[in-house]
A.B. asks: 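I'd like to ask some things about the structure below.
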Amino acid sequence: MTDNNHLSEQVLRRMERLGKIGHWRWDVQDNSLFWSEGVYQIHGIDSDGFTPNVDAALDAYIHDDRADVEECLTNAIENNEDFKFEKRIKRPDGEIRHVISQGECEFDDNNELLSVFGVIQDITPIKMQEELYELAALGSSSALWDWDVTHDRLHWAGRSAEIMGYASNKQLPQTTEDFYEGFLHPDDKEIVSEGLINHFTKLDEFWVRIRIKRNDGSYEWFSSRAQAQFDDYGKAIRVCGSMTSIQNLKEAQEKLEQSNSDLENFASIAAHELKRPLRTVASYLQLIGMSKEEMPASVKDHMEECIKAADEMSFMVDELLEYAQLQDAELNISAVNLDQITKAITRSAKDEVNASKAHIGFGDLPTIPCDETKIKTVITNLLHNAIKYRSDEKPEIHMSAAEHDEHWQYTIKDNGLGIPEGQGKTIFDMFKRLDNAKDRQGTGIGLAICRRIVDLHKGKIWVEPNDGQGSIFHFTISKRLSYGDNRDG
Ligand code: ADP
């Protein structure tokens with residue numbers, strides 16, 4: 001062997017090892033088989049002490065694949081054709097490897113078949129990736145798409161067709177034009193285009209909710225997310241994404257919205273209807289009450305209880321109505337001087353303030369854009385509660401507001417009974433009253449009204465314990481509200 005030959009032998013071995021390939025030659029005349037070192041490695045067999053033969057080579061293929069391999073080779077020999085197949089071999093230790101084999105027949109000058117020459121490549125890692133992807137796609141409840149942006153080709157994987165209401169993935173859109181014109185709801189085209197542009201140019205997350213046409217012509221809601229791959233110049237060359245049905249979610253949401261609005265309408269109608277007979281009861285009670293002095297003491301007591309209950313009910317109906325009307329309310333935004341309105345509210349509550357000997361302090365209270373009437377309702381409720389739920393100590397109340405990046409935050413601090421741990425969230429629910437409210441009048445609607453008003457202002461309302469004793473209520477008002485804004489603005 002010359003040096004050059006030796007060198008090329010070495011290079012060949014290296015190439016085979018690195019590329020996980022091997023070559024073989026089957027001498028048809030004497031039925032002998034040669035395997036290169038690479039073939040031994042792929043088969044997981046030590047070359048020392050093993051002489052390959054055709055039967056052993058065919059036996060290496062797993063049972064399901066063996067017959068195909070044999071047929072392929074026979075066909076190649078009989079028809080003098082090149083061959084190529086992708087099959088699985090089983091190593092002596094039981095490990096399965098995926099291989100691609102290809103080759104050709106070699107003939108002598110008389111066109112007599114001499115041998116078959118082949119190359120085998122171990123493609124197990126690639127195959128496992130593919131299998132993983134396919135299995136994930138099959139196991140996923142989402143349709144998966146792969147868009148070759150350069151050639152505008154869409155590929156759908158796994159159970160995409162089934163998920164999107166079609167018989168086969170071939171029926172799904174194959175180009176973006178197909179997708180836009182034949183599948184996407186016309187009203188959602190802009191959402192998709194904008195989402196893609198923002199993803200490509202600003203790397204914003206692509207996540208849209210869109211309607212897709214099913215085979216039967218109906219539309220179904222999907223949530224679609226995707227990620228692009230970019231070339232060295234920042235141009236998107238490939239986008240892979242998923243499409244998950246959110247039809248059930250949408251339907252549930254619509255039902256919920258409908259039943260909420262039915263409930264609001266019902267509350268509003270019921271409150272309206274209750275007001276009239278309630279007014280009659282209150283008027284008659286007032287008339288009867290005029291001759292209270294002539295009544296026996298026990299009847300007088302019952303009478304007073306009746307008047308109190310009618311008053312309470314009337315108040316509750318008013319609050320219910322106020323709550324219900326906030327549902328479709330629009331905001332009337334203007335520049336509101338929080339200092340002025342807070343002090344005016346405090347003056348209006350002077351009877352309770354004086355009776356409880358409350359001391360009220362004020363911090364910074366800037367002028368901010370909000371709905372004056374509604375924010376007054378919130379502050380009034382919070383102030384009344386701070387006095388109502390006082391402890392045995394003299395009430396110390398402090399009201400202030402501060403500016404933050406995105407919102408203003410109003411705070412009212414008291415040294416009252418406080419809210420037991422874990423109950424801070426529930427008090428904003430309708431009709432929720434805590435044990436501390438047992439001997440104090442109320443309906444449990446006030447804080448629910450506050451929350452709804454704060455929601456309209458795109459803010460949050462919450463309570464935290466005051467160090468030592470009492471509660472601190474906070475609510476925020478978004479700075480995203482502009483003058484003349486309504487709640488959707
Ligand atoms: P109401 O005062 O009519 O009962 P609210 O909705 O205003 O209803 O308040 C709900 C409940 O939250 C009250 O019943 C009370 O238990 C509790 N609460 C509200 N404000 C305070 C406060 N400042 N301190 C302690 N508990 C409070």
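Both counts, for ligands and for their atoms, begin at 1 and track the order of listing. Quick note: numbers below take in every heavy atom, side chains included, and nothing from hydrogens, waters or symmetry partners. Please read these numbers as outputs of a predicted model, since none were measured by experiment.
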A.B. asks: Note the single closest protein heavy atom to atom 6 (O) of ligand 1, along with its residue, its atom name and the distance in Å.
C.D. replies: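 For atom 6 (O) of ligand 1, the nearest protein heavy atom is Leu447 N, 2.8 Å.
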A.B. asks: What is the distance from atom NZ of Lys388 to atom CG of Asn436, rounded to the nearest 0.5 Å?
C.D. replies: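 Spacing of NZ (Lys388) from CG (Asn436) equals 10.0 Å.
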A.B. asks: Using salt bridge (Lys or Arg N to Asp or Glu O under 4.0 Å) as the criterion, list what pairs up with Glu181, not counting sequence neighbours.
C.D. replies: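 Testing Glu181 for salt bridge (Lys or Arg N to Asp or Glu O under 4.0 Å), a comparison that skips the adjacent residues, returns Lys189.
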A.B. asks: Find all atoms of ligand 1 within a distance of less than 4.0 Å from any non-hydrogen atom belonging to Lys432, and give their numbers and elements.
C.D. replies: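 In order of numbering, the contacting atoms are 10 (C), 11 (C).
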A.B. asks: Tell me which part of Asn436 gets within contact of ligand 1: side chain, backbone, both or neither, using heavy atoms under 4.0 Å.
C.D. replies: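 Under 4.0 Å from ligand 1, Asn436 contributes side-chain atoms alone.
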A.B. asks: Which protein non-hydrogen atom lies closest to atom 3 (O) of ligand 1, naming both residue and atom, and how far is it?
C.D. replies: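 The closest heavy atom on the protein side is Thr443 N, 2.8 Å.
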A.B. asks: Can Asp429 and Lys432 be counted as an ion pair, charged N to O under 4.0 angstrom?
C.D. replies: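 Salt bridge absent between Asp429 and Lys432.
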A.B. asks: Please state which protein non-hydrogen atom is closest to atom 23 (N) of ligand 1 and give its distance, to 0.1 Å?
C.D. replies: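 Going atom by atom, the protein heavy atom closest to atom 23 (N) of ligand 1 ends up being Asp414 OD2, 3.0 Å.
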A.B. asks: What atoms of ligand 1 come closer than 4.0 angstrom to any heavy atom of Gly442?
C.D. replies: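 Counting from 1, the qualifying ligand atoms are 3 (O).
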A.B. asks: Using a strict 4.0 Å cut-off to heavy atoms of Gly444, name the atoms of ligand 1 that fall inside it.
C.D. replies: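 Listed by number with element, the hits are 1 (P), 3 (O), 4 (O), 6 (O), 8 (O).
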A.B. asks: For atom 19 (C) of ligand 1, what is the closest protein heavy atom, and at what distance to 0.1 Å?
C.D. replies: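 That would be Asn385 ND2, 3.5 Å.
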A.B. asks: Show me which atoms of ligand 1 lie under 4.0 Å from any heavy atom of Ser471.
C.D. replies: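 The atoms of ligand 1 under 4.0 Å from a heavy atom of Ser471 are 24 (N).
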A.B. asks: Which option, Tyr389, Phe428, Phe431, owns the non-hydrogen atom nearest atom 1 (P) of ligand 1?
C.D. replies: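 Nearest option to atom 1 (P) of ligand 1, by heavy atoms: Tyr389.
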A.B. asks: Who pairs with Lys87 by salt bridge (Lys or Arg N to Asp or Glu O under 4.0 Å), at least two apart in sequence or on another chain?
C.D. replies: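 Salt bridge (Lys or Arg N to Asp or Glu O under 4.0 Å) check on Lys87 returns Asp68.
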A.B. asks: Answer yes or no: is there an ion pair linking Glu304 with Lys300, defined by an N-O contact shorter than 4.0 Å?
C.D. replies: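 Answer for the salt bridge query: no.
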A.B. asks: Looking at Tyr323, I'd like to know if the NZ or CZ of Arg452 sits under 6.0 Å from its six-membered ring centre while staying within 45 degrees of the ring's axis.
C.D. replies: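 Checked: cation-pi criterion met.
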A.B. asks: Going by atom types only, do Glu251 and Gln247 share a side-chain donor-acceptor pair under 3.5 Å?
C.D. replies: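 Note: Glu251 and Gln247 side chains meet the donor-acceptor criterion.
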A.B. asks: Using a strict cut-off of less than 4.0 Å between a Lys/Arg side-chain nitrogen and an Asp/Glu carboxylate oxygen, indicate whether Lys343 and Asp339 qualify as a salt bridge.
C.D. replies: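 Between Asp339 and Lys343 there is a salt bridge, with a charged N closer than 4.0 Å to a carboxylate O.
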A.B. asks: Of all the atoms in ligand 1, which lie at a distance below 4.0 Å from a heavy atom belonging to Lys388?
C.D. replies: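 So the answer, numbered in order with elements, is 1 (P), 2 (O), 3 (O).
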A.B. asks: If you measure from each heavy atom of Ile419 to ligand 1, is any distance below 4.0 Å?
C.D. replies: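 Yes; Ile419 lies near enough to ligand 1 that a heavy-atom distance drops under 4.0 Å.
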A.B. asks: State the atoms of ligand 1, each with its element, that fall below the 4.0 Å cut-off from a heavy-atom position in Ile427.
C.D. replies: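 Close to Ile427: 10 (C), 12 (O).
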A.B. asks: For the ring pair Tyr166 and Phe183, is the centre-to-centre distance below 6.0 Å?
C.D. replies: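 Ring centroids of Tyr166 and Phe183 are less than 6.0 Å from each other.
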A.B. asks: If the cut-off is 4.0 Å to any non-hydrogen atom of Arg433, which atoms of ligand 1 fall inside it?
C.D. replies: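 This gives 1 (P), 4 (O), 14 (O) as the contact atoms.
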A.B. asks: Please list, in number order, the atoms of ligand 1 under 4.0 Å from a heavy atom of Leu434.
C.D. replies: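 That gives atoms 14 (O), 16 (O) of ligand 1.
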A.B. asks: Decide, yes or no, whether a salt bridge links Arg390 with Asp414 under the criterion of side-chain N to carboxylate O below 4.0 Å.
C.D. replies: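 Asp414 and Arg390: not salt-bridged.
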